Amino acid sequence: MDEKLKILVVDDDEVERMAIRRALDNSGVRMELSEVNNGHSAISALRNNKFDCAFIDYRLPDQDTLTLIKTLYSLNIKIPLVVLTSQGDEQVAVELMKVGAVDYLSKSRVSAETLAQVLRHAIRVHRAEMQAAIAYQQLRESHEQLIRKNQELERQRQQIQIQNLKLLEASRLKSQFLATMSHELRTPMNAIIGFSQILLRPKFGSLTGQQTDMVERILNNGKHLLMLVNEVLDFSRLEEGQLELKPELVDLAKIINTVVGEMSSLAEAKKLSLIINFNLQNPLIVNDPSRIKQILINLLSNAIKFTESGSIWVEAKDLPGNRVAIAVKDTGIGIASKDFKHIFEAFRQVDQSITRKYPGTGLGLAIIESLVQMMNGKIFLESELGVGSIFTIELPKQISSSNSSVPKSSVQMENQQMINSTQRLHQSPPKSNQSSNKYQKLKR
Ligand code: ADP
């Protein structure tokens, strides 16, 4: 402690003050000493000057030391206070330390050494106490800050929860609207299709060539519209978790042959060759035939829609673990890897413009994905722009009858995680196009 200390001695006895002064002078501590002889003067000296330490007589003429220490404390005067006690005052001095005195010293022990020691100790203790107080204050402030931040976070969490509830309700209303609308649209659509089919029957009466052509157009457009309406209805049912699979023992090869047969006219119209390739030991599987058919129709109609020339392959093969893979390959426009994730989302198409070349609702792949998921299967996409695409579905050969759709909101969340964890690049070219080695593969 090399700095010059400012010290105050409070004692009404001139002789005792002198003894302390002398002892302090001899202690070797650099200091500036002030003296007062009562509590009142001590308060005013301590209020007006900054002291490093004060020695206070326990017995002051105008007030007791306990009151003085409490007054100093209430005035926020915080300096080390050492109480000077007489014989027999020690017990009281301990009480004084409880209200703020740093130490006490019996007047009978006053010497240069004891004063220097007590002074150093008092200042050290006081500084440590001050530092602890500052640290405590800082801790309290950061604790309060944390509480405030927590309250803010809690407020935000509650807001997000309210928003979520609102979103869920809006989504539920949207699904309900889609379901009601598509259901209502199906009745008039079926009437349009039914009556145009009756009109085309020869026994109904003969139509002119132009009339036949017009009725055929009504029929074809009606069928197309019904298909779109059914797609919307399926999607809203999947979203609501209301779609159930009806598994039965079916011949997969037969289903594929039927679907390919039904779609062959569309491929022929675009001069695309449609090739079937089976590698199945036993084509019998347990699954919902109408949903397998729906998946195949969607994949095949996409392959035909997005292919201008070349071929389309439908392949089915056994996989280890009692599973089966169905792949639809095309030599069409292909899909950029950046769009892999999005095209499986509802209403998402690579070309979202109104002037797009290829028509569609953008629901096909979203429905396929949900159905495949209900079947405990996986869907893989490999594609390269300008070269072609392969959509592969891997399914267990036997699905359980308890499979029903999970509400779409949770399906989408799970899928999002799956995309993140399984998106990967695949370097092997498709069998149909050995020259291409840049097919990207996405497993979902
Ligand atoms: P839609 O065919 O009604 O637009 P889908 O959900 O079936 O909706 O497909 C979403 C999008 O994925 C399509 O709009 C298209 O951009 C892309 N897509 C799907 N299949 C193919 C394919 N075989 N070749 C190229 N693009 C495809």
Side-chain angles (χ1 to χ4, degrees), residues 178 182 221 223-239 243 259-260 263 266-267 270 272-275 291-315 326-373 379-393 405 408 411-412 415 419 423 426 429-433 436 438-444:
L178 284 179
S182 39
N221 279 296
K223 279 182 177 169
H224 182 65
L225 205 54
L226 185 63
M227 193 201 76
L228 296 180
V229 169
N230 279 338
E231 220 165 52
V232 176
L233 187 61
D234 276 346
F235 174 71
S236 53
R237 277 188 188 148
L238 280 163
E239 264 205 326
L243 201 134
V259 172
V260 170
M263 311 283 292
L266 286 177
K270 290 181 86 175
L272 303 171
S273 43
L274 203 46
I275 304 150
R291 297 300 167 188
I292 293 280
K293 216 175 148 187
Q294 185 179 7
I295 292 172
L296 277 167
I297 290 173
N298 269 330
L299 289 179
L300 256 175
S301 59
N302 273 352
I304 296 169
K305 183 163 66 175
F306 294 106
T307 305
E308 298 308 332
S309 64
S311 312
I312 288 158
W313 291 261
V314 184
E315 295 179 352
I326 307 164
V328 176
K329 292 196 256 182
D330 65 57
T331 52
I333 59 170
I335 302 156
S337 56
K338 69 172 173 52
D339 294 318
F340 277 22
K341 262 203 291 198
H342 308 302
I343 57 167
F344 288 89
E345 289 164 13
F347 305 110
R348 286 292 288 262
Q349 294 164 318
V350 171
D351 182 0
Q352 294 272 69
S353 66
I354 331 168
T355 52
R356 66 175 179 270
K357 189 174 168 190
Y358 304 101
T361 56
L363 286 176
L365 289 178
I367 292 173
I368 292 175
E369 188 183 38
S370 295
L371 289 174
V372 169
Q373 208 162 40
I379 181 161
F380 298 84
L381 165 61
E382 296 166 74
S383 191
E384 188 186 348
L385 274 181
V387 179
S389 309
I390 310 175
F391 286 87
T392 308
I393 282 160
S405 64
K408 192 73 182 166
V411 169
Q412 272 171 347
N415 287 350
I419 295 162
Q423 188 173 7
H426 188 67
K431 283 189 204 111
S432 57
N433 194 334
S436 160
K438 276 194 250 151
Y439 267 57
Q440 315 267 355
K441 188 166 187 174
L442 172 72
K443 176 180 160 196
R444 295 171 67 90

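These figures come from a predicted structure and were not determined experimentally. Order of listing sets the numbers, starting from 1, for every ligand and every atom in it.
- Numbered from 1 in the order shown, with element, the atoms of ligand 1 that lie under 4.0 Å from a heavy atom of Lys305 read 1 (P), 2 (O), 3 (O).
- Using a 4.0 Å cut-off to heavy atoms of Ser389, the atoms of ligand 1 that qualify are 24 (N).
- With Leu228, Ile333, Ile335 as candidates, the residue nearest to atom 27 (C) of ligand 1 on a non-hydrogen basis is Ile335.
- With values rounded to the nearest 0.5 angstrom, Glu369 atom CD is found 10.5 Å from Leu371 atom CG.
- Note that CG of Leu266 and CG of Leu274 are 10.0 Å apart. Values are rounded to the nearest 0.5 Å.
- A distance-only check finds no donor-acceptor pair linking the side chain of Ser383 to the backbone of Ser337 [under 3.5 Å].
- Residue Gly362 has at least one heavy-atom neighbour below 4.0 Å for each of these atoms of ligand 1: 1 (P), 3 (O), 4 (O), 6 (O), 8 (O).
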Q: Report the C-alpha separation of Met263 and Leu296 in whole Å, then their side-chain angles, then the decisive distance to 0.1 Å, and conclude whether the side chain to side chain contact (heavy atoms under 4.5 Å, CB included) test is met.
A: CA-CA 10 Å; Met263 311 283 292; Leu296 277 167; over 6 Å; no

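- The proximity of Phe344 to ligand 1, defined as any non-hydrogen pair under 4.0 Å, does not occur for either the backbone or the side chain.
- In this structure, the separation between CG on Asp330 and CG on Leu300 is 9.5 Å, given to the nearest 0.5 Å.
- Within the listing of ligand 1, atoms 5 (P), 6 (O), 7 (O), 9 (O), 10 (C), 12 (O), 19 (C) sit less than 4.0 angstrom from a heavy atom of Leu365.
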Q. When you look at Ile379 and Phe344, which way does the side chain to side chain contact (heavy atoms under 4.5 Å, CB included) test go after all the steps?
A. CA-CA 10 Å; Ile379 181 161; Phe344 288 89; 3.8 Å; yes

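- At a heavy-atom cutoff of 4.0 Å, ligand 1 is contacted by the side chain of Asp330 but not by its backbone.
- Where the criterion is an N or O separation shorter than 3.5 Å, residue side chain and backbone included, Glu231 fails it with respect to ligand 1.
- Among the atoms of Gly364, some N or O lies under 3.5 angstrom from an N or O of ligand 1.
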Q. Yes or no on side chain to side chain contact (heavy atoms under 4.5 Å, CB included) for Leu365 and Phe391, after CA distance, side-chain angles and deciding distance?
A. CA-CA 10 Å; Leu365 289 178; Phe391 286 87; 3.8 Å; yes

